[in-house]
Structures are given as C-alpha cells and as structure tokens.
2 protein chains.
Amino acid sequence: MKVTALEEYGLRCMLRLARSSGHGSVTLPEFASGEGVSIPYAGKLLTILKKARLVKAARGRHGGYELTRLAGQISLKEILDSLGNPVFSSSHCAKYSGENEICVHTDNCTIRSVWRGFEGFIGDVLEKVSLADLAEGKMEIFHELKVEKKTNAR
Amino acid sequence: MKVTALEEYGLRCMLRLARSSGHGSVTLPEFASGEGVSIPYAGKLLTILKKARLVKAARGRHGGYELTRLAGQISLKEILDSLGNPVFSSSHCAKYSGENEICVHTDNCTIRSVWRGFEGFIGDVLEKVSLADLAEGKMEIFHELKVEKKTNAR
DNA sequence: CGAATACTATACACAAAAGTAAAGATTTAT
DNA sequence: ATAAATCTTTACTTTTGTGTATAGTATTCG
C-alpha cells in the first residue's frame with residue numbers, strides 16, 4: 001500500500017495553498033521552487049487539483065492558484081481521492097483476475113470484502129481530518145481518533 | 001494510495017493457506033491454478049511470505065507450503081507489511097525530495113507528520129484484524145471499529 | 001539409481017507511473 | 001499593440017513495478 005508521487009506532491013501543494021490563504025495566490029514557479037520539482041510537473045499537479053475543483057487558477061500577470069474553499073472545509077479524503085486511486089475501486093477484480101477472464105473469486109469473494117471494508121474504514125478517518133488541521137500541524141488529530149475492537153480475537 | 005499486486009495476490013495466498021489449515025500443505029501449482037497466475041509468479045509470492053516467516057516450505061514429492069502459526073495469531077498488518085511498502089517509511093523524505101539533495105521541508109515538516117500519524121493509525125487497525133477473521137468472512141470487523149473525533153473541526 | 005514432483009533463483013520482456021520538454025493560449029502592464 | 005508573466009496541453013523519455021521464461025536444487029517413490 002503505497003503513497004503515490006502525485007498524492008505526496010499534490011498534498012504538499014494543498015498545504016502550501018492553505019498557508020498562503022489570504023496572502024494572495026501562488027504561482028507555478030513558486031510551487032516548483034518550494035517543493036523542488038520542475039515547473040511543468042507542478043503544472044500537472046495543479047491541473048489535477050483544478051479538475052477536482054479544489055483549486056482555481058488565474059492566468060496572466062497576477063495569476064496563480066487559490067483554494068476554492070476554506071481549508072477547514074476541505075477534507076484529506078477529498079484531496080487524496082482526487083490525486084490517486086482509492087484502495088478498492090470497482091475495476092479492482094477485473095484488474096487482478098490473473099489469466100482468467102473474470103475474477104476466480106466471484107462467489108464468496110473474501111478478498112473483495114477485505115478491501116471494501118478497509119477502504120470504507122480509511123475513508124471515514126480521512127473524512128474527519130481537514131486541510132486546516134494539517135496546515136496548523138495539529139497532528140494529534142490521528143491520536144484523538146479512537147480505535148477499539150468490540151469482539152475479541154479467537 | 002494503491003494496493004500493489006503483490007499485496008493483492010499475497011493476501012489471497014494467505015487466505016487459501018488459512019482455509020487449508022489442517023488439510024495438508026498447498027503446492028505452487030495449486031496456488032497458481034487457484035488464483036489464475038503462473039507457477040513461477042506464485043513461487044515469487046510464497047518466497048516473499050517465507051522470508052517474512054509467515055509460511056514454511058517443504059520440497060519433494062509431498063512438499064508444499066503451510067502457515068507457521070495459527071491464522072488467529074497472524075495479523076493483517078504483518079501480512080501487508082511483508083508484501084509491500086508501508087505508507088510512510090524512513091526513506092520517504094529521501095525519495096520525495098524532488099531535485100534537491102534533501103527534503104525541502106526539513107524544518108517544520110508537516111507532510112512528514114501527516115503520513116507518520118496516518119500510518120500509525122492504519123497500523124493500529126490492521127493489527128487488530130487477524131487472518132482468521134478474514135478467512136471466516138467476518139468482515140463486520142471493520143464496522144465494529146469505532147472512529148470518533150474528540151475535537152471539532154474549525 | 002532414476003524419474004517424477006516440488007521448491008528456488010536469476011535474468012528477461014512488458015506495461016504503468018513518474019517526470020521532462022516544448023509549444024500554445026490568456027491576462028495584465030506599459 | 002506589444003511584451004512579460006502565467007496557466008494549459010500534448011508528446012516524449014526514464015524509471016519502476018508486473019509477470020514470464022528458463023535453468024537449477026531438493027525430496028520422495030518405485
């Protein structure tokens with residue numbers, strides 16, 4: 001389970017925008033030098049975020065990017081979903097069907113339930129963390145989330 | 001955030017072993033035909049699991065693979081950790097440092113805290129789910145885990 | 001022993017993701 | 001208008017991950 005490069009750099013750009021909120025927009029050269037990537041690559045990242053309607057762009061002399069909403073109203077889930085694949089997508093079984101036409105586990109597909117249940121759980125967590133929480137370095141947020149198993153393992 | 005092929009097929013093999021537990025060992029040809037992959041690829045998967053000491057192998061006529069422990073004593077976290085990269089590894093910052101020598105966020109590295117906190121949280125969850133839970137299709141396990149935010153978003 | 005069965009290891013072909021290059025389109029200031 | 005600054009798009013190269021092919025080693029059975 002890997003964090004993709006798009007998720008990594010994309011989230012960084014969102015954090016940068018959250019911090020600059022109120023101090024004008026951020027340009028691609030600023031993203032690029034700030035994160036140590038090329039300008040076209042920064043452009044690719046911001047284009048993705050723009051298509052997800054998380055940021056808006058302005059061209060020309062005083063152009064640049066801004067958040068479309070307040071950082072407190074953008075969840076970590078929205079950001080990651082726009083940048084990468086969800087843990088379990090509808091195409092999952094088709095992708096990992098091996099050399100068979102359809103998934104060999106069509107009936108009683110335990111593995112599918114695993115990923116689906118897991119993704120739902122992760123989604124619940126990521127939805128409860130906002131970009132503002134992250135920008136302010138409030139990482140205790142994860143520790144404040146409680147995980148408890150009601151039933152005992154056998 | 002993507003589930004890798006190794007994680008997908010590797011977990012499937014572990015599930016198969018959990019179900020065959022007590023009914024003798026499982027051979028590579030059995031894994032291969034059961035999951036729709038080639039025999040050498042099944043071998044690659046089981047070799048990884050073997051190096052992680054999750055399974056043991058026997059050669060020769062009546063050879064095959066078995067779990068080294070009871071399915072109830074193997075956590076989902078152990079399995080996924082052995083097959084793929086953790087969400088946040090120690091090499092993370094070195095990997096995503098862009099064209100700079102070191103991570104541009106050495107001081108006040110918010111992004112690092114995000115992934116670290118997130119990984120810790122996921123780890124807590126995956127640790128509480130055992131291979132036996134999965135093999136028995138007890139997927140309610142994820143729904144039985146509670147997620148609550150103590151503080152309010154601003 | 002020798003043949004069959006099964007695991008093991010190395011090297012290779014293919015596909016997807018990461019990141020770059022180059023040319024184009026839009027806005028603003030002069 | 002023109003030039004400078006900025007976003008946008010397409011195509012390309014490099015790297016990484018996926019899966020296969022091939023040859024080798026160990027064990028059992030007749």
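Predicted model, so just to flag it, every value in this text is computed and none were measured. Chain A is the first sequence line, chain B the second, and so forth, proteins listed ahead of strands; every chain is numbered from 1. Because only heavy atoms are used, hydrogens play no part in the values below, and waters and symmetry mates are left out as well, while side chains stay in.
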Tell me which donor-acceptor pairs under 3.5 Å the side chains of residues 57-70 of chain B have, and how far apart each pair is, sequence neighbours excluded?
from: B:T68; atom 1: OG1; to: B:R53; atom 2: O; distance (Å): 2.9
from: B:T68; atom 1: OG1; to: B:L54; atom 2: O; distance (Å): 3.2
from: B:R69; atom 1: NH1; to: B:Q73; atom 2: O; distance (Å): 3.0
from: B:R69; atom 1: NH1; to: B:E78; atom 2: OE1; distance (Å): 3.4
from: B:R69; atom 1: NH1; to: B:E78; atom 2: OE2; distance (Å): 3.4
from: B:R69; atom 1: NH2; to: B:E78; atom 2: OE2; distance (Å): 2.7

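Listed by chain and number, the residues in a side-chain contact (heavy atoms from CB on, under 4.5 Å) with B:S21 amount to none (sequence neighbours excluded). For A:L6, the side-chain contact (heavy atoms from CB on, under 4.5 Å) criterion is met by A:T4, A:Y41, A:L45, A:I48, not counting sequence neighbours. Not counting sequence neighbours, the partners of A:P40 by the side-chain contact (heavy atoms from CB on, under 4.5 Å) test are A:S38.
Remark: B:S38 is in phosphate contact with D:dT20, judged by side-chain N or O atoms under 4.0 Å from OP1 or OP2.
Atoms NZ (B:K50) and P (C:dA6) sit 17 Å apart, rounded to a whole Å. For the pair B:L45 CG and C:dA9 P, the interatomic distance rounds to 15 Å; values are reported in whole Å. Atom CG of B:L17 and atom P of C:dC7 are 11 Å apart (whole Å). Taking atom CG of residue B:L83 and atom C1' of nucleotide D:dT18, one finds them 14 Å apart after rounding to whole Å. Nucleotide C:dA6 holds its P atom 8 Å from the CD atom of B:E30, rounded to whole Å. One interatomic measurement links the two molecules: CD of B:E7 to C1' of D:dG17, which rounds to 12 Å at whole-angstrom precision. Note: CG (B:L49) to P (C:dT8) measures 12 Å, nearest angstrom. Atom pair A:K56:NZ and D:dT8:P shows a separation of 14 Å (rounding to whole Å applied).
Inter-axis angle, ends of the helix from C:dC1-D:dG30 to C:dT30-D:dA1, five pairs per end, rounded to 10 degrees: 0°.
Proximity of a side-chain donor or acceptor of B:D133 to a complementary backbone N or O of B:S130 within less than 3.5 Å is detected.
For B:L6, counting side-chain heavy atoms from C-beta on, the closest listed nucleotide (D:dT9, D:dT18, C:dT20) is D:dT18. The side chain of B:A57 has C:dC7 as its nearest neighbour among D:dC7, C:dC7, D:dG19. Comparing C:dA22, C:dG19, C:dT8 by their closest approach to the side chain of A:Y41 singles out C:dG19.
Under 4.0 Å is where a charged nitrogen must lie from a carboxylate oxygen, and between B:K77 and B:E127 no such pair does. We find that A:E30 and A:R16 are not joined by a salt bridge, their nearest charged nitrogen and carboxylate oxygen being 4.0 Å or further apart.
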- request: Evaluate the criterion side-chain contact (heavy atoms from CB on, under 4.5 Å) for residue pair B:M1 and A:K2; output intermediate values, then yes/no.
  value: CA-CA 5 Å; B:M1 230 175 49; A:K2 223 179 99 183; over 6 Å; no

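Across all strands shown, A:K44 has heavy atoms under 4.0 Å from base atoms, whether or not it also approaches the sugar-phosphate. Among the protein residues, A:K51 comes within range of no part of the nucleic acid, since none of its heavy atoms lies under 4.0 Å from any strand.
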Please write out the pairs of protein N or O atoms and N or O atoms of nucleotides 1-6 of chain D separated by less than 3.5 Å, giving the distance to one decimal.
from: D:dT6; atom 1: O4'; to: A:G60; atom 2: O; distance (Å): 3.3

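By the 4.5 Å heavy-atom criterion applied to side chains, A:Y9 and A:K44 are not counted as neighbours.
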